[in-house]
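One structure below.
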There are 2 protein chains.
Amino acid sequence: MARPTIADIARRVGVSKGAVSFALNGRPGVSEATRARILQVADEMNWRPHSAARALGGARAGAVGLVLARPASTLGVEPFFAQLLSGLQARLSAESMAMNLLVVEDSAAEIETYREWTSAHRVDGFVLVDPTVRDPRFEALEALGAPAVVLGGPGRFGALSSVWADDREAMLSVVDYLAALGHRRVAHVAGLPGLRHTQRRIRALRDSVRRLGLVDTVSLPTDFSDAEGAAATRTLLSRPGRPTAIVYDSDVMALAGLGVAGEMGVRVPGEVSIVSFDDSVLTRVTHPGITSLSRDTIALGGQVAEVLLQVIADPALRRDVKTATPRLVVRESTAPPAPGTAG
Amino acid sequence: MARPTIADIARRVGVSKGAVSFALNGRPGVSEATRARILQVADEMNWRPHSAARALGGARAGAVGLVLARPASTLGVEPFFAQLLSGLQARLSAESMAMNLLVVEDSAAEIETYREWTSAHRVDGFVLVDPTVRDPRFEALEALGAPAVVLGGPGRFGALSSVWADDREAMLSVVDYLAALGHRRVAHVAGLPGLRHTQRRIRALRDSVRRLGLVDTVSLPTDFSDAEGAAATRTLLSRPGRPTAIVYDSDVMALAGLGVAGEMGVRVPGEVSIVSFDDSVLTRVTHPGITSLSRDTIALGGQVAEVLLQVIADPALRRDVKTATPRLVVRESTAPPAPGTAG
DNA sequence: TAATGGAGAACCCACTGCGCC
DNA sequence: TGGCGCAGTGGGTTCTCCATT
């Protein structure tokens with residue numbers, strides 16, 4: 001009753017293991033009669049391929065890897081992440097591709113995992129998230145020759161493909177809108193300072209200062225947690241010349257900021273306008289609803305999976321896909337600044 | 001420059017492959033001097049174990065499996081799922097255990113995956129979610145002898161372990177509270193009718209009818225989507241003797257129901273009270289905030305992982321862990337029924 | 001003599017290349 | 001030339017057995 005192997009089938013049919021292998025894989029080298037017989041016996045014996053044995057021979061693993069050097073809580077807290085995962089799965093499951101998920105301590109452990117999984121043929125490719133400014137992972141993955149897609153850009157990731165949205169343009173659209181409303185004191189509660197897209201957003205804001213006549217613009221880096229988002233908001237709202245508008249790099253932080261404003265008695269949007277860089281159900285159901293940059297994160301996950309599948313199919317390929325720039329969805333958290341506070 | 005194998009190490013050190021294997025696995029059979037020398041050379045050569053080769057020999061895979069016969073969108077839409085995943089990862093990553101995630105069509109495909117992954121030693125155990133009333137998966141997994149933990153209960157899952165919360169008691173606490181407020185017409189927007197916990201909640205409500213003097217109680221099954229949650233709410237609120245309180249089996253549906261009430265001009269909680277069976281950030285930030293059954297889903301995920309790790313370590317073990325019953329957190333969506341509507 | 005260190009081969013399972021009829 | 005057998009490959013584990021001390 002043990003798992004049958006191709007040797008068992010070969011014995012039963014009275015052919016060699018090689019013939020069985022050819023037959024089961026639909027390859028030429030056996031007569032149709034023999035093939036039919038082999039397939040029938042394999043079915044009778046309830047044979048299943050042994051992925052480890054195939055992997056040892058260098059075959060495809062039928063899985064992609066996602067290794068996260070983030071706290072595991074990220075998965076539960078950030079709607080962005082869950083949606084991304086959902087989009088990835090939707091596309092991958094159509095190809096019966098599994099996903100190997102692992103949370104590690106740091107990028108050194110991440111690279112180590114890439115090394116092990118690649119050489120053991122445990123996965124066929126990787127999805128990389130959170131690219132940083134000088135990211136050691138690109139070089140490591142290139143050296144391994146593993147197919148991979150970076151979520152983020154634009155930028156040079158060596159031979160790796162990428163899928164990205166234009167963070168700069170998105171930030172400019174937010175700042176332009178706030179300036180048009182009359183805001184001059186715009187603050188930014190940013191994400192992890194090492195991340196490329198954080199840098200890009202910070203730079204876009206800074207570059208707008210002269211063009212739009214902004215004053216006292218500031219970008220406070222955080223770790224994306226609601227705690228630091230709240231702390232940054234408290235800092236900003238306690239200042240003498242406090243901002244009349246705050247842009248948050250994630251919906252969770254915007255939500256936290258909204259809470260702090262309430263607790264400090266600062267009216268939204270009367271005294272301070274709030275914009276979130278991520279849209280989700282969260283920003284829709286708050287009161288007031290939060291003006292947000294909206295994009296289809298599930299579709300984004302699907303695109304990442306699609307590109308990864310292409311790169312796995314043809315490792316020489318290098319794709320660089322720019323997705324639609326998130327567009328501003330105005331809700332009730334933004335309004336012209338109160339008279340006299342515009343700086 | 002290719003991946004070094006234990007044969008390479010054996011050659012360099014001048015010992016046999018067997019000796020190298022023993023040394024690298026910290027097992028007796030080699031002298032301390034030889035062991036040290038082997039470890040040093042292995043390190044110099046940058047050796048890594050090959051998980052596929054080990055799996056072929058029947059070793060531990062270092063991963064657990066989670067196979068979902070649900071639409072992939074579940075992952076992005078239900079905070080419960082993302083939090084569960086987060087809790088699982090937190091515990092698993094502490095043991096450097098990866099998770100193999102796969103979304104499949106139906107439970108037949110799910111079972112097929114269990115079969116393949118088990119016999120190929122691709123995972124060491126499984127997490128089962130969404131147990132149904134006559135669930136074919138238990139039997140299949142038992143036959144495979146694969147360690148597994150069922151999320152849900154109480155109930156008989158054969159030799160499988162389980163982790164569960166008391167859905168009956170939780171539902172009773174909700175209904176008791178609503179009845180105490182004066183509600184008599186209580187409706188229930190349930191989840192998938194085949195799920196065990198759905199049945200248990202439906203039964204708990206039905207069993208309360210006589211005790212609390214309820215009238216016209218009804219449980220409408222849905223697929224957990226916001227669309228069906230909204231549709232069910234529309235149906236309920238359009239009835240002649242419409243309910244004065246509605247209990248939703250998930251936060252997403254409660255949110256959808258709140259939206260429908262707003263669109264139909266039915267005041268919450270003035271004309272209808274709303275309770276969610278799941279708590280998350282969603283229920284906290286709506287306006288009004290939604291009275292919910294609250295539990296620590298991330299901790300739940302951690303408990304599931306913990307039990308699975310125990311069962312993997314000792315396959316003879318069978319654990320049945322009852323977690324804390326979700327407790328009611330009252331927010332602004334519940335109030336006594338308006339006079340004259342109480343049935 | 002019994003314990004210890006270690007060589008060597010078999011084994012896990014599928015795939016592939018060579019060679020024979 | 002098509003069909004197929006045979007032997008070897010991939011990397012690690014484990015069992016048998018021999019040679020030391």
Side-chain angles (χ1 to χ4, degrees), chain A residues 1-39 41-43 45-62 115-124, chain B residues 1-39 41-43 45-62 115-124:
Chain A
M1 206 50 194
R3 154 191 265 276
T5 72
I6 56 167
D8 299 324
I9 300 173
R11 211 172 304 123
R12 273 271 287 270
V13 178
V15 294
S16 69
K17 289 198 305 174
V20 175
S21 179
F22 284 134
L24 290 172
N25 291 293
R27 296 177 35 176
V30 284
S31 67
E32 278 314 309
T34 310
R35 181 190 306 277
R37 179 95 186 96
I38 291 171
L39 289 178
V41 171
D43 188 50
M45 298 182 77
N46 218 17
W47 178 85
R48 297 281 182 295
H50 193 302
S51 61
R54 282 184 165 165
L56 197 54
R60 288 263 291 272
R115 194 160 284 147
E116 289 177 12
W117 287 9
T118 303
S119 59
H121 295 283
R122 196 160 150 165
V123 297
D124 299 315
Chain B
M1 207 47 195
R3 156 190 264 276
T5 72
I6 57 166
D8 298 325
I9 299 173
R11 211 172 303 123
R12 273 269 290 269
V13 178
V15 295
S16 69
K17 287 201 307 173
V20 175
S21 178
F22 285 134
L24 290 172
N25 291 294
R27 296 178 36 176
V30 285
S31 67
E32 278 315 307
T34 310
R35 182 190 306 276
R37 177 97 187 93
I38 289 171
L39 289 178
V41 171
D43 188 51
M45 298 181 78
N46 216 17
W47 178 86
R48 297 281 182 296
H50 193 300
S51 61
R54 281 186 165 164
L56 197 53
R60 289 266 290 274
R115 193 160 283 147
E116 289 177 13
W117 287 9
T118 303
S119 60
H121 295 282
R122 197 160 149 166
V123 297
D124 300 315

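A note on names: the letters A, B, ... follow the listed sequences, proteins ahead of strands, and every chain is numbered from 1.
- Between the CZ atom of A:Arg11 and the C1' atom of D:dC6 there is a distance of 15 Å, rounded to whole Å.
- Using a 4.0 Å heavy-atom criterion, one finds that B:Gly18 contacts the bases of the nucleic acid, with or without backbone contacts as well.
- When the local axes at the two ends of the helix from C:dA2-D:dT21 to C:dC21-D:dG2 are compared, using 5 base pairs at each end, they differ in direction by 60° after rounding to 10°.
- Contact check, A:Arg37 against D:dC4: no side-chain N or O comes under 4.0 Å of OP1 or OP2.
- Of the side-chain N and O atoms in B:Arg54, one or more sit less than 4.0 angstrom from OP1 or OP2 of D:dT13.
- We find the NE2-NE2 distance between A:His121 and B:His50 to be 5.5 Å, quoted to the nearest 0.5 Å.
- One finds a side-chain N or O of B:Arg27 lying less than 4.0 angstrom from the OP1 or OP2 phosphate oxygen of D:dT14.
- Which of C:dG8, D:dT14, C:dC13 sits closest to the side chain of B:Phe22 comes down to D:dT14.
- A distance of 8.0 Å separates CD1 of A:Ile38 from CD1 of A:Ile9, quoted to the nearest 0.5 Å.
- Residue contacts shown for B:Ser21 include a base, since a base heavy atom lies under 4.0 Å away.
- Residues B:Val13 and B:Val20 fail the side-chain proximity criterion, which asks for heavy atoms closer than 4.5 Å.
- In this entry the distance linking CZ of B:Arg3 with P of D:dG10 reads 13 Å, nearest Å.
- Between A:Thr5 atom OG1 and A:Arg11 atom CZ the span is 6.5 Å, to the nearest 0.5 Å.
- Rounded to whole angstrom, the span from the CG atom of A:Leu56 across to the C1' atom of D:dG10 amounts to 4 Å.
- Nearer the 5' end of DNA chain D, as judged by each residue's closest nucleotide, is the contact made by A:Gly14, out of A:Gly14 and B:Ala53.
- Within 4.0 Å of A:Arg35, counting heavy atoms only, lies no atom of the nucleic acid at all.
- Atom CD of A:Glu32 and atom C1' of D:dC4 are 15 Å apart (whole Å).
- Looking at heavy atoms from C-beta onward, A:Arg122 lies out of side-chain contact with A:Glu116 at the 4.5 angstrom threshold.
- Between the P atom of C:dC13 and the CD atom of B:Glu116 lies a distance of 15 Å, rounded to the nearest Å.
- An OP1 or OP2 oxygen of D:dG11 is reached within less than 4.0 angstrom by no side-chain nitrogen or oxygen of B:Thr5.
- The stretch residues 15-39 of chain A participates, sequence neighbours left out, in these salt bridge (Lys or Arg N to Asp or Glu O under 4.0 Å) pairs: A:Glu32-A:Arg35.
- In this structure, the NE2 atom of B:His50 is 6 Å from the P atom of D:dG11, given to the nearest Å.
- Look at CZ on B:Arg60: it is 19 Å from C1' on C:dC12, rounded to the nearest Å.
- Side-chain atoms of B:Arg3 come within 3.5 Å of backbone atoms of B:Arg48 as a donor-acceptor pair (strictly under, hydrogens ignored).
- Computed from coordinates, the B:His121 NE2 to C:dC11 C1' distance equals 13 Å when rounded to whole Å.
- In this structure, CG on B:Leu56 lies 10.0 Å from OG on A:Ser51, to the nearest 0.5 angstrom.
- Contact annotation: A:Trp47 side-chain N/O to C:dA14 OP1/OP2 distance is under 4.0 Å.
- The side chain of A:Ser31 sits closest to D:dG3 out of C:dA14, C:dC12, D:dG3.
- Between A:Asn25 and C:dC15, a side-chain N or O to OP1/OP2 separation shorter than 4.0 Å is present.
- Checking the phosphate oxygens (OP1, OP2) of C:dG6, a side-chain nitrogen or oxygen of B:Thr34 falls inside 4.0 Å.
- Of the candidates D:dG8, D:dC4, C:dG6, the closest approach to any side-chain atom of A:Lys17 belongs to D:dG8.
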